[in-house]
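As structure tokens, the structure follows; a few thoughts come after it.
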Amino acid sequence: MIHMKGITKSYRMGTSRVAVLNNVEVEIEKGEFIAIMGPSGSGKTTLMNIIGCLDTADRGLYHLGRINIAKVSEEQLAGIRNKMLGFVFQSFSLIPRITALRNVELPMVYAGVNENVRRNRALAALTIVGLKNRAFHTPTEMSGGQQQRVAIARSIVNNPEIIIADEPTGALDTQNSLEVMRIFEQLNSSGKTIVMVTHEEEIAAHAHRIISVRDGRVIN
Ligand code: ADP
Ligand code: MG
């Protein structure tokens with residue numbers, strides 16, 4: 001499902017360039033539940049952004065399913081992000097003053113899904129994360145754990161093949177973290193491929209395989 005080879009990325013720092021990813025090789029099969037671990041600054045988010053087609057590598061090969069990502073247009077990339085991938089971030093990234101339902105509907109608005117279908121699918125996604133009864137509340141009226149569950153509902157609403165989660169429990173307490181992991185395990189059982197960054201051992205233990213990153217390299 002995800003096939004990367006020789007992925008290299010650097011950022012400009014003044015006049016010099018700083019290598020962030022160095023010859024990274026990653027193979028992830030359909031249906032896997034992967035944790036990416038490594039110290040702060042090791043390149044995890046950069047790697048996730050490339051996997052999620054939010055950023056591109058300077059060099060190397062990236063195949064997502066059968067698609068050679070280097071060969072597709074910006075417009076096609078936007079379509080891939082919207083339909084094939086679901087995103088969950090540490091900071092939830094919800095729109096604070098519209099309802100949970102509207103937040104979850106948004107990816108379907110971009111995908112051009114009609115209003116009735118949108119509403120039904122958003123309610124179904126909120127039901128999966130246990131928040132159907134909160135559909136008409138705004139994120140400002142919710143706890144962090146509830147907000148992250150809304151974000152997960154939003155991530156699955158276009159039925160993506162892969163869920164990309166960068167430190168999804170980074171802002172949550174233990175109980176809410178476990179609830180988020182329970183939902184991820186359930187989504188993984190139903191066939192979703194999950195790629196999650198975490199620096200917590202107990203969270204990584206929910207994944208089936210760990211990819212360790214250090215200084216921009218995959219070390220294990
Ligand atoms: P992690 O998620 O593992 O903490 P990141 O991928 O966010 O690591 O960052 C890896 C390194 O790349 C860090 O040294 C960071 O400062 C640098 N970096 C990340 N994004 C940028 C950017 N847009 N411009 C310059 N440097 C960046
Ligand atoms: Mg990071």
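If you read the sequence from its start, that first residue is 1, and numbering goes on from there. For ligands, and for the atoms within them, numbers begin at 1 and follow the listed sequence.
Formation of a donor-acceptor pair under 3.5 Å by the Q147 side chain with backbone atoms of M142 is found in this model.
The shortest N or O to N or O distance between S42 and ligand 1 is under 3.5 Å. Between M13 and ligand 1, not a single N/O pair is under 3.5 Å apart.
Here the side chains of P139 and N103 are in contact, with some heavy-atom distance below 4.5 Å.
Atom OG1 in T46 sits 11.0 Å away from atom CD1 in I51 (nearest 0.5 Å). Here the straight-line distance linking atom OG1 of T45 with atom CD1 of I36 works out to 9.5 Å at 0.5 Å rounding. Put simply, OG on S10 and CZ on R59 are 8.5 Å apart, with the number rounded to the nearest 0.5 Å.
Under a 4.0 Å criterion applied to the non-hydrogen atoms of P39, ligand 1 contributes the atoms 3 (O). Near T45, with a cut-off below 4.0 Å to any heavy atom, the atoms of ligand 1 are 1 (P), 2 (O), 6 (O), 7 (O).
In this model, no donor atom of one side chain and acceptor atom of the other lie less than 3.5 Å apart for H208 and E32. Inspection of the N158 and R121 side chains reveals an N or O donor paired with an N or O acceptor under 3.5 Å.
Not a single protein heavy atom sits closer than 4.0 Å to atom 16 (O) of ligand 1.
In terms of protein heavy atoms, atom 8 (O) of ligand 1 is closest to G43 N, 3.2 Å. Nearest protein heavy-atom neighbour of atom 9 (O) of ligand 1: T46 OG1, 4.0 Å. Among protein heavy atoms, the minimum distance from atom 4 (O) of ligand 1 is reached at G41 N, 2.7 Å. At the top of the distance list for atom 27 (C) of ligand 1, counting protein heavy atoms only, stands Y11 CD1, 3.2 Å.
Contacts of V20 with ligand 1, taken as heavy-atom pairs under 4.0 Å, involve the side chain alone.
Residue contact annotation: T45 places an N/O/S atom under 2.8 Å from the Mg ion (ligand 2).
A salt bridge links E179 with R182: at least one charged nitrogen is closer than 4.0 Å to a carboxylate oxygen.
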